[in-house]
Amino acid sequence: MKITTKAIKSKKSRERITMITAYDALFARLASEAGADIILVGDSLGNVVLGYESTIPVTMGMMLHHTSAVSRAKPESLVVADLPFARAQRSCESLIDDCARLVQDGGAEAVKIEGGASIAQKIEKLSESGIAVMAHIGLQPQQYLKLGGYRKFGKTPEERAILMRDAKTLESAGAFALLMEMTDPQAASEITSELSIPTIGIASGSGCDGQVMVFADILGFTQNPPAFAKKFADLHTDVIKAYKTYFDEVRSGKYPQ
Ligand code: KIV
């Protein structure tokens, strides 16, 4: 059965939400078949499959290309697409236009936007336009150049207060869910219990309503995965082994027979 934003919201406090990235039809089909609640066409596709150092070079064109591939797989999972770098800071009209393209042309069912209370008014407008928004606070990887790297958020009382204010403002603005990345686990738990919308965590402890991971990290494709990523398979080794066997058999004439 197709999973909707309504179904995701109703899971809050009832059932943990599962979310995984996919950037093409092949892995979208696999994630859906395995029962993912949400597929995220994350701008992490920049690092994971396009060979960039960060998510910053990812453009609207790239997001549309990959989101369309995922939605063509017709997954039962809800398809959420990332809004790329610096697009949320443009005018409200441009932002609505970008999000509408991800939905109308890319087939996304919701858009994930990095940013706190400062973009809440725009999220309200998106919501009024009928665009479902997943907000994203804590570490916002699109701030990589400004931050000079990646770090944890919510370690000080001041930062925890800002996160709580951001979370509540984004909920009031109409976000249907909130993603928290590299957020202090205690802060993430407190935010989760204060909100009525579901929270999804990554490197933010077990107190969120759901968890998201980058598919290549949990499948063992990533050479230097982040410390918090549990490896549920070692597909790097399996793929190399299968390729080598195929190449050996071609060279030796064993395959094809
Ligand atoms: O782009 C992405 O994959 C993400 C997750 C890491 C949350 O934003």
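Numbers here simply count residues along the sequence, with the first being 1. Indexing begins at 1, ligand by ligand and atom by atom, following the structure's order.
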Have a look at ligand 1 and work out which part of [X], if any, has a heavy atom under 4.0 Å from it: side chain, backbone, both or neither.
X   : result
L40 : side chain
D43 : both
T55 : neither

Between [X] and [Y], does any side-chain donor sit less than 3.5 Å from a side-chain acceptor?
X    : Y    : answer
D234 : T237 : yes
S10  : R14  : yes
E53  : N47  : no

What atoms of ligand 1 come within less than 4.0 Å of a heavy atom belonging to [X]?
X    : value
H136 : 8 (O)
D82  : 1 (O), 2 (C), 8 (O)
G42  : 1 (O), 2 (C), 3 (O)

Quick check on [X]: does its [atom1] atom have over 12 non-hydrogen neighbours (other residues, nucleotides or ligands) under 6.0 Å away?
X    : atom1 : value
E249 : CD    : yes
E33  : CD    : no
F228 : CZ    : yes

Next on the checklist: Once you measure the plane-to-plane angle for F27 and F215, does it fall in the parallel (<30°), tilted (30-60°) or perpendicular (>60°) bin?
Outcome noted: tilted

Next on the checklist: In this structure, does ligand 1 have an atom that sits under 4.0 Å from one of the heavy atoms of K112?
Outcome noted: yes

If we only count N/O pairs under 3.5 Å, is [X] in contact with ligand 1?
X   : answer
T21 : no
S44 : yes
Y23 : no

Checklist entry - What protein heavy atom sits nearest atom 6 (C) of ligand 1, and how far away is it? => result I202 CD1, 3.9 Å

Item to check | Residues I202, C208; criterion side chain to side chain contact (heavy atoms under 4.5 Å, CB included); working and verdict | outcome: CA-CA 9 Å; I202 175 163; C208 297; over 6 Å; no

